Amino acid sequence: MAGGGMLQFQEAIREELEEAMKSDLEKILSTAPESELEHIKKDLAGFQKLFHRFLQEKGPSVDWGKIQRPPEDSIQPYEKIKAKGLPDNIASVLNKLVVVKLNGGLGTSMGCKGPKSLIGVRNENTFLDLTVKQIEHLNTVYNTDVPLVLMNSFNTDEDTKKILQKYSHCRVKIHTFNQSRYPRISKESLLPIAKDLSYSVENAETWYPPGHGDIYASFYNSGLLDRLIGEGKEYIFVSNIDNLGATVDLYILNHLMNPPNGKKCEFVMEVTDKTRADVKGGTLTQCEGKLRLVEIAQVPRAHVDEFKSVSKFKIFNTNNLWISLSAIKRLQEANAIDMEIIVNPKTLDGGLNVIQLETAVGAAIKSFENSLGINVPRSRFLPVKTTSDLLLVMSNLYSLHAGSLTMSEKREFPTVPLTKLGSSFTKVQDYLKRFESIPDMLELDHLTVSGDVTFGKNVVLKGTVIIIANHGDRIDIPPGAVLENKIVSGNLRILDH
């Protein structure tokens with residue numbers, strides 16, 4: 001078939017798919033209860049737009065030839081921002097801020113039911129407790145009114161709202177809004193696998209929250225964006241609720257509110273230096289004169305190693321973002337927020353292959369004016385994705401003050417030890433049973449634990465410690481043991497490392 005004919009053929013197939021999708025979505029919409037109709041209409045219209053773009057785009061969405069390292073002045077060192085100091089009227093600057101936490105995720109990867117934000121991480125405080133304490137501390141110290149906004153998903157909304165009652169006496173106004181609910185589509189037919197909108201157990205797998213890039217549309221559609229603008233708020237500070245380093249930074253806020261050149265930034269992305277552990281993190285690049293976030297999934301296969309190189313792309317996105325509310329409103333109303341589509345393949349319990357179309361909040365950086373990256377200290381990126389991360393934040397490496405974790409002054413190096421706990425520790429419940437108390441890790445560089453291992457009380461770990469219980473063996477580290485540069489294996493033979 002000649003080139004033109006092929007294009008016509010592809011176009012005909014696209015149109016056919018769009019018609020079939022439209023028809024399926026109308027059938028699904030007809031099952032909506034009257035009370036939810038308007039809200040669901042907006043969700044499905046958003047999905048239809050995303051699906052339309054998905055059909056137009058082919059292959060990785062980055063033209064590698066146009067990707068350049070960002071110019072020096074587009075990523076400012078944090079030290080330079082901090083050197084400006086703080087204004088006398090910190091309160092008036094803080095009163096223009098809203099803290100938004102991305103709270104759509106479940107704790108399933110750590111073996112927990114319900115929202116991840118309700119997992120206990122330190123002294124029985126959950127991620128949500130720590131967030132509320134941080135903002136309450138700010139509001140009390142500076143006599144301000146910084147609200148907290150939680151972006152929930154249909155997976156986390158109900159459980160989160162039940163818990164919010166316990167904060168009713170705190171000095172923090174808490175608002176919530178919901179991410180959209182989009183239909184998963186079959187990998188074969190590219191049509192929804194859902195037949196109706198019911199919330200039944202068997203229907204649960206047919207819907208998904210479409211990634212945090214959905215924040216712009218769902219925040220706008222909820223009416224909360226307009227309400228906060230009406231209250232005089234100007235910026236949101238957005239971050240993942242499981243990043244314990246993402247606290248309100250007064251120096252960055254001051255830079256936004258009082259820019260040195262008088263031109264306000266509409267979007268600031270906090271980035272930090274890559275280490276070998278972060279080679280897959282999204283990085284800031286320049287493309288056609290605009291800052292652009294590039295994720296590994298968008299990189300053509302031939303260039304993946306170049307993308308991972310620590311020498312060419314030295315920084316990665318922490319997903320701590322500062323964004324102008326009025327800019328979100330302007331761009332959303334003009335339908336001008338452009339985010340690359342992330343195609344996320346999944347296999348459902350019954351073996352059905354589906355895809356979900358998602359977007360990432362940071363990808364919108366190229367749609368905003370006067371965007372900026374700020375290279376922040378690593379301490380502002382402290383995500384808890386696994387029990388290995390949980391071990392670090394529960395240990396004496398960190399001290400807790402007013403909801404914020406800071407690295408202990410007793411640790412000689414400001415770097416975090418590399419910790420890898422094996423599959424026996426994956427679930428929080430199992431992990432907690434295996435430690436009678438959290439070991440002293442102040443002088444630890446590297447810890448690897450594999451197999452059936454338990455730790456007694458008051459164990460001290462220093463240097464490099466590797467503990468491997470072979471299949472069928474069990475290793476109990478005795479109470480009070482001090483392991484420094486040791487390999488412990490098999491039947492508890494302790495060798496010097």
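Since the structure is predicted, the reported quantities are computational estimates derived from the model, not experimental observations.
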### Message
Please determine whether side-chain contact (heavy atoms from CB on, under 4.5 Å) holds for the pair Met110 and Tyr431, giving the CA-CA distance in whole Å, both sets of side-chain angles, and the decisive distance to 0.1 Å.
### Response
CA-CA 10 Å; Met110 292 169 78; Tyr431 151 89; over 6 Å; no
#### Entry: Backbone of Thr386 reached by a side-chain donor or acceptor of Asp389 within 3.5 Å
yes
### Message
Measuring only between side-chain heavy atoms, which start at C-beta, is Leu291 closer than 4.5 Å to Pro70?
### Response
yes
### Query
Can you list the residues that meet the side-chain contact (heavy atoms from CB on, under 4.5 Å) rule with Lys457, with sequence neighbours excluded?
Glu436, Ser437
### Task
Return the set of residues passing salt bridge (Lys or Arg N to Asp or Glu O under 4.0 Å) with Glu288 (not counting sequence neighbours), or none when no residue passes.
Lys66
### Message
Within the 4.5 Å heavy-atom criterion, are Leu390 and Val121 side-chain neighbours or not?
### Response
yes
## Note on the structure
Between Asp159 and Gly114, the two heavy atoms sitting closest are OD2-CA, 3.9 Å
### Query
Are there more than 12 heavy atoms of other residues, nucleotides or ligands under 6.0 Å from atom CD of Glu231?
yes
### Task
Examine the side chains of His446 and Thr448 and answer whether a donor and an acceptor come within less than 3.5 Å of each other.
yes
### Task
Return the set of residues passing side-chain contact (heavy atoms from CB on, under 4.5 Å) with Leu106 (not counting sequence neighbours), or none when no residue passes.
Thr108, Asn155, Thr156
### Query
Do the rings of Phe51 and Phe47 sit parallel, tilted or perpendicular, given the 30° and 60° boundaries?
parallel
### Query
Is the closest basic N to carboxylate O distance between Glu369 and Lys290 below 4.0 Å?
yes
### Message
Taking Thr272's backbone N and O only, do any of them form a donor-acceptor pair with Arg378's side chain (distance below 3.5 Å, no angle check)?
### Response
no
### Message
Tell me if a side-chain donor or acceptor on Asn139 pairs with a main-chain N or O of Glu136 at a distance below 3.5 Å.
### Response
no
### Query
Where the side chain of Arg292 meets the backbone of Ile67, is there a donor-acceptor pair that is under 3.5 Å apart?
no
### Task
Kindly give the heavy-atom pair with the smallest separation between Ala246 and Gln134, and that separation in Å.
O-OE1, 4.3 Å
### Query
Got more than 12 heavy atoms from elsewhere within 6.0 Å of CD, Glu36?
yes
Under 3.5 Å, side-chain donor or acceptor atoms of residues 89-98 against the rest of the protein: list the pairs with distances, not counting sequence neighbours.
residue, atom, partner, partner atom, Å
Asn89, ND2, Ser92, OG, 2.8
Ser92, OG, Asn89, O, 2.9
Asn95, OD1, Asp145, N, 2.9
Asn95, ND2, Ala91, O, 3.4

### Task
Taking all heavy atoms of Ala32 and all of Leu37, pick out the closest pair and write down the distance.
CB-CD1, 3.8 Å
### Message
Can you see whether Asn320 engages Asn243 through a side-chain donor-acceptor pair at a distance of less than 3.5 angstrom?
### Response
yes
### Task
Assess whether atom NZ of Lys166 is packed by more than 12 heavy atoms of other residues, nucleotides or ligands within 6.0 Å.
yes
#### Entry: Residue among Val465, Val482, Leu444 satisfying side-chain contact (heavy atoms from CB on, under 4.5 Å) with Val460
Val482
### Message
So for atom CG, which belongs to Asp88, do other residues, nucleotides or ligands contribute more than 12 heavy atoms lying within a distance under 6.0 Å?
### Response
no
### Pairs where residues 236-245 contributes a residue and the test salt bridge (charged side-chain N to carboxylate O under 4.0 Å, His left out) is met, not counting sequence neighbours
Lys116-Asp242, Asp242-Lys385
### Message
Determine whether a donor-acceptor pair (N or O, by modelled atom type, separation under 3.5 Å) exists between the side chain of Ser408 and the backbone of Ser399.
### Response
no
### Message
I'd like to know if the side chain of Arg434 reaches the main chain of Phe455, judged simply by a donor and an acceptor atom lying under 3.5 Å from each other, with no hydrogens or angles considered.
### Response
no
### Message
If we ignore hydrogens and angles and just use 3.5 Å, is the side chain of Lys366 paired with the main-chain N or O of Asp338 as donor and acceptor?
### Response
yes
## Note on the structure
Residues at least two apart in sequence or cross-chain that pass ring-ring contact (aromatic ring centres under 6.0 Å, His included) with Tyr142, listed by chain then number, are none
### Task
Assess the side chains of Lys133 and Asn125: does a donor N or O sit below 3.5 Å from an acceptor N or O?
yes
### Message
If you define the side chain from C-beta out and look only at heavy atoms, does anything of Lys346 sit under 4.5 Å from Glu205?
### Response
no
### Query
Are any non-hydrogen side-chain atoms of Ile355 and Phe54 less than 4.5 angstrom apart?
yes
### Side chain to side chain, His255 and Gln76, heavy atoms closer than 4.5 Å
no
### Task
Could you grab the distance from atom CG of Leu483 to atom CD1 of Ile477, nearest 0.5 Å is fine?
5.0 Å
### Task
Mind running side-chain contact (heavy atoms from CB on, under 4.5 Å) on Met441 and Leu392 for me, showing each step along the way?
CA-CA 8 Å; Met441 292 163 57; Leu392 295 171; 3.9 Å; yes
### Message
Whether the side chain of Asn370 engages the backbone of Lys264 through a donor-acceptor N/O pair (distance < 3.5 Å, no angle test) should be reported.
### Response
yes
### Query
What residues form a ring-ring contact (aromatic ring centres under 6.0 Å, His included) with Phe127, not counting sequence neighbours?
none
### Task
Indicate the ring-plane relationship of Trp322 and Phe237, choosing parallel, tilted or perpendicular according to the 30° and 60° boundaries.
parallel
### Query
When you look at Thr176 and Leu164, which way does the side-chain contact (heavy atoms from CB on, under 4.5 Å) test go after all the steps?
CA-CA 10 Å; Thr176 64; Leu164 290 183; 3.6 Å; yes
### Message
Assess whether a salt bridge exists between Glu38 and Lys42, defined as any Lys/Arg side-chain N lying under 4.0 Å from an Asp/Glu carboxylate O.
### Response
no
### Task
Can you label the angle between the Tyr216 ring and the Phe368 ring as parallel, tilted or perpendicular, going by 30° and 60°?
tilted
### Task
Examine the side chains of Asn103 and Thr160 and answer whether a donor and an acceptor come within less than 3.5 Å of each other.
yes
### Query
For residues Asn143 and Arg171, is any side-chain donor paired with an opposing acceptor at under 3.5 Å?
yes
### Query
Is a side-chain donor or acceptor of Gln179 paired with a backbone partner of Gly211 at a separation under 3.5 angstrom?
yes
#### Entry: Set of residues satisfying ring-ring contact (aromatic ring centres under 6.0 Å, His included) with respect to Phe316, sequence neighbours excluded
Phe381
#### Entry: Under the side-chain contact (heavy atoms from CB on, under 4.5 Å) test, residues paired with Lys82 that sit two or more places apart
Tyr78, Tyr251
#### Entry: Sidechain-backbone polar pair: Arg181 side chain, Leu197 backbone, donor-acceptor under 3.5 Å
yes
### Task
Walk me through it: do Lys410 and Asn396 pass the test side-chain contact (heavy atoms from CB on, under 4.5 Å)?
CA-CA 9 Å; Lys410 292 178 187 162; Asn396 60 345; over 6 Å; no
### Query
Nearest heavy-atom pair of Ala360 and Met339: which atoms, and what distance?
O-SD, 3.6 Å
Show me the donor-acceptor pairs, under 3.5 Å and distance only, between side chains in residues 328-336 and residues at least two apart or in other chains.
residue, atom, partner, partner atom, Å
Lys329, NZ, Asp226, OD1, 2.9
Lys329, NZ, Glu333, OE2, 2.9
Arg330, NH1, Glu266, OE2, 2.9
Arg330, NH2, Glu266, OE1, 3.1
Arg330, NH2, Glu266, OE2, 3.4
Glu333, OE2, Tyr220, OH, 2.8
Asn335, OD1, Lys49, NZ, 3.4

### Task
Report the residues that fulfil side-chain contact (heavy atoms from CB on, under 4.5 Å) with Arg69, sequence neighbours left out, ordered by chain and then residue number.
Lys312, Phe313, Lys314
### Task
With sequence neighbours excluded, tell me which residues meet ring-ring contact (aromatic ring centres under 6.0 Å, His included) with Phe219.
Phe177
